[in-house]
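Have a look at the structure below, then the notes.
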Amino acid sequence: MQLRGVVVDVADPKTVSTQYGESELCEVTVRPERGAGEPTTVTLWGKWTETADYLEPGMELAVYDAEQRQYQGETQYSAGGDASVVVEPDFLVDVTDIRAWVQCPRMYYLRKLDGAELAYPLVKGTVVHEVFGDLLRGRDLDDAIEAQIEAAGLDIGLLGREADEVAGDVRDHAAAIEGWLEQGTLTERDEWRSEMTLISERYGMKGRADAVRRGMPVELKTGKNTKREPRFQDKIQATAYALMLGERAANTLAASDVMADGGTTSPLEAAPDTGTLLYTKNAAVDRNEESGDLSPAKEFSIGSGLLQYVIRTRNEIAAMEHDTDVPTGYEANAKCEYCFEQDTCMAVSGRLDQESKAGQVGVAIPEEEREYFRRFYDAIEAERRAVHREYAKLWEQLPQERADDDRALIDLEPLGRRELDGGRWELRARGTGAVSKIREGDLVLASDGHPITGDAELARVERIGGGDQADGTASADGGREIVVTVDEPLSVRRLDVYPSELTTDRLQNALHDALLTQSPEQKDVLFGRRAPEFDEPAETFIDNNDAQDDAVARAVGAEDFALVHGPPGTGKTYTLARMVRALVERGDRVLLSAFTNRAVDNAIEALEEQGYTDIVRVGTESGVREDMQKYRLDQSGDPGECAGRLQGAQVVAATTATCGSTAMASQSFDTVVVDEAGQLTEPGTLAATTLGDRFVLVGDHQQLPPVVQSEDETLTRSLFERLIDAHPEAGVMLDRQYRMAQHIQAFASREFYDGQLRPANGAVAAQKVDDLDGVTVDALPSHLRERVSFVDPDGSRTGNTNPTEADAVADVVRAYREAGVAAADIGVIAPYRAQVAELNRRLSDVAVDTVDRFQGSSKEVIVVSFVATGDLDGPLFEDYRRINVALTRAKKALVLVGDRTALSSDEVYERMVEWASG
DNA sequence: GCTCTGCTAAGAGGA
């Protein structure tokens with residue numbers, strides 16, 4: 001029997017006498033999630049009573065294979081040795097985190113705070129693991145070593161190592177792997193799976209097993225272990241995979257005819273009974289020096305006790321995360337003096353004044369900084385839980401008709417497969433043409449139909465064929481070929497977005513670095529203890545625009561930081577490029593960053609237009625725009641060359657997420673320039689700014705704020721906005737815009753920029769559609785001849801679409817086209833993606849997109865579809881910054897299409913309608 | 001109830 005619900009009460013554990021002798025028990029009251037809301041009692045027996053130590057009312061609890069009985073008319077559940085008890089099952093604990101936790105809970109916590117720094121054992125370990133995978137897939141050893149060392153070129157180079165030297169080290173380890181593979185019948189390929197991604201709904205756990213042999217987990221360790229037994233934490237890691245393999249095996253059995261007699265096998269029983277650890281360094285040690293068991297492969301048996309121990313450990317982590325408690329280390333028996341993390345542990349404890357078993361060193365940072373740390377740490381963890389909810393969507397099998405759920409491409413038709421060099425596979429499938437957020441370059445879970453219970457592999461999307469949408473997303477017309485690469489072949493019928501915690505990890509690292517490693521002087525200005533200081537450069541940088549010139553002067557003269565506020569069309573990117581050049585001329589090494597790849601590429605483009613090209617772009621191949629690939633740092637290749645290119649670059653450009661990578665952490669800069677800073681969270685901004693001595697933030701807090709999944713407001717306010725409020729004197733607002741006609745910009749200027757925004761010159765102010773080649777305004781219907789017009793199509797909203805309004809928008813676009821306006825000069829903006837799809841069905845050759853995606857670009861003619869009728873409920877309309885963005889994309893003509901009554905129900909929108917109705 | 005960009009992940013070590 002299975003029970004799942006919210007804990008209402010946890011009684012104190014007690015000892016009772018049973019027919020088998022003394023037993024411990026603990027009663028937990030749970031309110032079931034679904035069905036009748038009557039609370040039920042679950043009695044936890046034996047080791048499961050440990051759960052009571054951390055279980056609290058409000059937490060979710062799942063109990064599997066519990067015994068059920070009736071007592072005084074009430075259903076009671078009993079969880080003994082055959083049962084599984086899972087706390088907060090929606091929180092997906094990573095297997096490597098369980099491993100860290102059994103060593104020491106504080107190690108688990110420290111792993112989250114500071115990211116892995118570049119270290120040779122780590123890089124070598126990664127290469128050995130990759131070679132291991134290659135060998136399992138039948139690749140030649142020397143080919144594998146060469147290829148994997150090349151792939152790790154940049155990291156190896158940054159560590160100052162040579163490829164040959166690393167190859168020698170890796171070969172020693174690989175020899176152990178090869179020797180072991182050649183024993184007996186272990187080479188039969190069908191028996192093997194390499195790098196198996198496992199996600200468990202039942203146990204709230206995920207991880208990637210190095211290999212699975214005959215259904216049993218094999219873990220590779222590049223260390224040595226001369227004991228006969230594997231290390232405890234290594235056994236725990238392998239056992240966690242065994243637990244998840246058992247769940248899969250039980251699912252498979254349940255689905256097959258084998259158990260047709262009605263019997264079932266529990267996942268615990270179905271788990272493999274043996275695990276293998278492969279300590280490859282054992283093969284390389286000198287046999288005369290070392291004694292003990294030098295065989296690399298060590299097997300151990302996996303019983304239900306060990307499996308349940310893993311579940312209980314996982315539960316401790318999930319319970320701690322529920323309250324975001326901070327572990328002290330006293331929870332474990334580990335001896336701090338043997339711990340590699342001891343120094344870090346003591347330093348973090350000292351700086352944050354945390355209790356810890358290892359003790360504290362150093363002086364605590366000021367209380368206001370500690371408070372800031374706690375606030376942002378909690379907010380980032382809330383963001384992590386939101387990512388976990390994305391994982392949960394993987395096992396909620398999507399109904400086929402849910403076309404608005406764009407997290408998966410379903411109903412694919414497998415077309416074929418091809419083996420690539422190195423044993424990887426290229427798989428092709430035909431898509432049904434559904435809209436999806438899956439793009440080229442994405443990491444996805446490819447499956448034969450169900451991502452969790454079916455055959456599934458982590459895959460990279462290589463190509464979504466024939467896409468006619470500029471952003472590479474699959475569009476709605478007919479089938480298209482999809483190509484992915486995977487380690488193991490399968491019949492691809494479905495692709496799911498594979499959620500990543502990478503961004504949350506990086507935010508946490510940035511928070512740690514900014515508060516614990518930056519100098520007090522750098523932090524003083526962030527915490528308002530000191531005003532930022534400036535020099536006044538004598539030079540003139542930009543001739544015909546005082547605000548732009550001031551902005552560059554501020555940036556060049558900044559001792560701490562400068563802020564440049566750039567409303568739409570004010571030449572923000574041009575100014576930024578001029579600023580970077582001025583900094584470089586002074587001799588600075590500059591880091592150029594932004595949240596999105598697009599913004600980073602735009603900034604490079606502006607630099608290029610000003611003749612500056614000594615730039616290295618760090619980023620993934622699929623993230624970097626085609627015409628900017630020439631600046632991209634190839635991270636694979638000769639170590640010395642890779643590292644040299646990065647280290648020698650005067651200007652390095654990367655997204656803030658990439659700034660948090662280990663490779664970038666090895667770099668330092670004089671000045672960090674961040675574009676579109678209004679779209680970044682504080683820790684997101686800090687990921688870039690901590691790499692430099694001073695920084696310049698360029699952005700507009702009146703446009704869209706950071707995108708955050710959880711509802712926590714701590715992250716939705718950008719550092720840019722906070723600093724511009726705290727230090728207005730550090731900011732310069734660019735006040736002359738080169739984009740919009742006078743009338744078009746008037747509303748935004750009044751509502752969002754205190755009337756300060758004005759056209760740069762008469763020509764900008766007076767522009768109209770007649771200025772376009774072959775266009776006459778007289779060819780337009782009379783209601784569209786003004787620069788700003790309003791159309792009420794009298795439609796009605798159904799879901800997030802308004803078909804009548806979509807028709808009206810199509811009519812407006814047709815009128816402009818017939819008046820001679822080129823399709824490329826027209827853009828259509830809608831608040832909802834559903835309406836965008838509705839519009840796309842009517843408009844084949846003009847750009848249609850959401851407000852959010854239109855930020856940063858502009859068109860001669862813009863048509864906005866508001867969708868709403870009745871009233872304006874919904875957060876999309878609450879944030880006025882969204883209309884600021886929508887209305888300021890137009891240069892010569894702006895048409896608002898919406899329901900007059902609905903829009904007039906809100907003051908700001910009412911003023912907008914009046915302005916547009918002129 | 002809605003907007004949505006980043007990111008390969010997981011990888012090491014010893015009394």
Side-chain angles (χ1 to χ4, degrees), chain A residues 94-97 99 103 111 116 119-130 132-133 151-152 155 173 195 197 206-210 219-227 231 233-234 237 279-281 334-335 337-341 387 404 406 437 439 441-444 458-461 471 485 498-507 594-600 619-620 622-623 654-662 676 679-681 684 687 704-709 711 799-800 830-834 836 849-855 867 873-879 881-882 885:
Chain A
D94 204 279
V95 171
T96 47
D97 282 336
R99 180 180 196 274
Q103 290 181 81
R111 263 169 53 103
Y120 182 57
L122 192 63
V123 174
K124 185 177 72 180
T126 306
V127 172
V128 173
H129 272 82
E130 294 295 334
F132 178 50
D155 285 349
H173 291 268
E195 287 167 16
T197 300
K206 66 180 160 68
R208 194 136 102 123
D210 283 343
E219 274 302 299
L220 183 72
K221 297 290 163 197
T222 40
K224 82 174 174 192
N225 176 10
T226 55
K227 304 258 170 57
R231 264 189 274 278
Q233 60 266 29
D234 298 339
Q237 186 178 1
Y279 295 94
T280 56
K281 200 176 177 183
K335 285 200 172 63
E337 68 234 55
Y338 299 142
C339 178
F340 285 100
E341 301 293 342
V387 175
D404 60 323
D406 54 5
K437 66 186 295 183
R439 299 181 201 175
D442 280 0
L443 195 64
V444 295
L458 221 46
R460 165 99 20 214
V461 178
D471 61 7
T485 48
Y498 187 76
S500 169
E501 289 180 53
L502 189 118
T503 317
T504 21
D505 289 342
R506 298 256 163 106
L507 293 182
F595 180 56
T596 62
N597 275 310
R598 192 170 63 172
V600 173
T620 59
S622 58
T655 59
T656 49
T658 297
C659 286
S661 67
T662 46
E676 312 239 331
Q679 277 187 76
L680 276 162
T681 63
L704 294 174
V707 173
V708 171
Q709 298 199 39
E711 279 157 29
N800 290 328
Y832 303 103
R833 273 229 293 263
V836 168
D849 229 322
T850 56
V851 186
D852 301 60
R853 295 245 233 158
F854 240 105
Q855 175 153 339
V867 182
D873 61 339
L876 234 58
F877 291 98
E878 273 167 28
D879 195 336
R881 288 175 287 195
R882 204 163 251 113
V885 174

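Hydrogens, waters and symmetry mates are skipped; everything else that's a heavy atom, side chains included, is used. Labels below follow one simple rule: chain letters A, B, ... track the order of the sequence lines, proteins then strands, and each chain is numbered from 1.
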Worksheet entry | A/Phe340 side chain, from C-beta outward: closest of B/dA12, B/dG14, B/dT5 | B/dG14
Worksheet item: Could you give the CD-to-P distance, from A/Glu195 to B/dA9, as a whole number of Å?
Response: 13 Å
Practice prompt. May I ask you to say what A/Leu458 touches in the nucleic acid, namely base, sugar-phosphate or nothing, with a heavy-atom cut-off under 4.0 Å?
Written response: nothing
Fill in: Residue met sooner reading DNA chain B from 5', once A/Thr596 and A/Lys335 are mapped to nucleotides
A/Thr596
Worksheet item: Within this structure, what is the CG-to-P distance between A/Asn597 and B/dC7, rounded to whole angstrom?
Response: 5 Å
Practice prompt. Measure the distance from OH on A/Tyr832 to P on B/dC4 and round it to the nearest whole Å.
Written response: 12 Å
Discussion item. Expressed as a whole number of angstroms, how long is the span from A/Leu680:CG to B/dC7:P?
Written reply: 12 Å
Discussion item. Counting C-beta onward and ignoring hydrogens, is there a side-chain heavy-atom pair between A/Glu341 and A/Arg111 closer than 4.5 Å?
Written reply: no
Worksheet item: Is any side-chain N or O of A/Thr658 closer than 4.0 Å to OP1 or OP2 of B/dC7?
Response: yes
Worksheet entry | Sugar-phosphate only, base, or nothing, as touched by A/Thr197 at under 4.0 Å among non-hydrogen atoms | nothing
Discussion item. Check the phosphate of B/dA9 against A/Ser500, side-chain N and O only, distance under 4.0 Å to OP1 or OP2. Yes or no?
Written reply: yes
Discussion item. Which nucleotide wins on minimum distance to the side chain of A/Phe595, given the candidates B/dT5, B/dC7, B/dG14?
Written reply: B/dT5
Worksheet item: Once you round it to whole Å, what is the distance between C1' of B/dC7 and CG of A/Leu502?
Response: 4 Å
Practice prompt. Quickly work out the A/Phe854 CZ to B/dC4 C1' distance and round it to whole Å.
Written response: 16 Å
Worksheet item: What does A/Gln233 touch in the nucleic acid at a heavy-atom separation under 4.0 angstrom: a base, only the sugar-phosphate, or nothing?
Response: base
Worksheet item: Where the side chain of A/Thr503 is concerned, which of B/dC4, B/dG11, B/dG6 is the nearest nucleotide?
Response: B/dG6
Item to complete: Would you check if A/Pro705 and A/Gln679 make a side-chain contact, meaning some heavy-atom pair closer than 4.5 Å?
Response: no
Item to complete: For the residue pair A/Leu443 and A/Arg460, establish whether any side-chain heavy-atom pair is separated by less than 4.5 Å.
Response: yes
Fill in: Selection from B/dC7, B/dA10, B/dA12 that lies nearest to any side-chain heavy atom of A/Pro121
B/dA12
Fill in: Polar pair under 3.5 Å, donor/acceptor by atom type, side chain A/Glu878, base B/dG1
no
Discussion item. Taking the minimum atom-to-atom distance to the side chain of A/Lys221, which one of B/dG14, B/dT3, B/dA12 wins?
Written reply: B/dA12
Worksheet item: Between B/dC7, B/dA10, B/dG14, which one does the side chain of A/Asp442 approach most closely?
Response: B/dC7
Item to complete: With heavy atoms under 4.0 Å as the rule, sort A/Thr96 into base, sugar-phosphate or nothing.
Response: sugar-phosphate
Worksheet, complete the sentence: Whole-Å distance, A/Arg460 CZ to B/dA10 C1', equals 14 Å
Worksheet item: Do the side-chain N or O atoms of A/Gln237 get closer than 4.0 angstrom to the phosphate oxygens (OP1, OP2) of B/dA12?
Response: no
Discussion item. Nearest to the side chain of A/Thr126, heavy atoms from C-beta on, is which of B/dA10, B/dG6, B/dC2?
Written reply: B/dA10
Item to complete: Compare side-chain N and O positions of A/Arg439 against OP1 and OP2 of B/dT5 and report whether any pair is under 4.0 Å apart.
Response: yes
Worksheet item: Within the structure shown, what part of the strands sits under 4.0 Å from A/Glu219 by heavy-atom distance: base, sugar-phosphate, or nothing?
Response: sugar-phosphate
Discussion item. Just to be sure I understand the rule, does A/Asn800 reach a base, reach only the sugar-phosphate, or reach nothing, if contact means heavy atoms closer than 4.0 Å?
Written reply: sugar-phosphate
Practice prompt. Select base, sugar-phosphate, or nothing to describe what A/Thr620 touches, counting heavy atoms under 4.0 Å on all strands.
Written response: sugar-phosphate
Discussion item. If we ignore hydrogens and angles and just use 3.5 Å, is the side chain of A/Arg506 paired with the main-chain N or O of A/Ala687 as donor and acceptor?
Written reply: no
Worksheet item: Is A/Asp94 paired with A/Arg99 through a side-chain N to carboxylate O contact shorter than 4.0 Å?
Response: no
Fill in: Distance, nearest 0.5 Å, that separates CZ of A/Arg439 from OG of A/Ser622
10.5 Å
Discussion item. Once hydrogens and angles are ignored, does a donor-acceptor distance under 3.5 Å link the base of B/dT5 to the side chain of A/Arg598?
Written reply: no
Worksheet item: Contact class for A/Lys124 vs. all strands (heavy atom < 4.0 Å): base, sugar-phosphate, or nothing?
Response: nothing
Practice prompt. Please step through side chain to side chain contact (heavy atoms under 4.5 Å, CB included) for the pair A/Leu220 and A/Val128, ending with a clear verdict.
Written response: CA-CA 9 Å; A/Leu220 183 72; A/Val128 173; 4.0 Å; yes
Item to complete: Identify whether any heavy atom of A/Asn225 sits under 4.0 Å from a base atom; if not, whether one sits that close to sugar-phosphate; answer base, sugar-phosphate or nothing.
Response: nothing
Practice prompt. Determine the contact category for A/Thr850: base if any of its heavy atoms lies under 4.0 Å from a base atom, sugar-phosphate if only primed atoms, P, OP1 or OP2 are that close, otherwise nothing.
Written response: sugar-phosphate
Worksheet item: Could you state the CG-P distance from A/Leu704 to B/dC2, rounded to the nearest angstrom?
Response: 18 Å
Item to complete: Would you kindly compare A/Ala657 and A/Thr280 by the position of their nearest DNA chain B nucleotide and give the one closer to the 5′ end?
Response: A/Ala657
Worksheet item: OP1, OP2 of B/dA12 versus side-chain N and O of A/His129: anything below 4.0 Å?
Response: yes
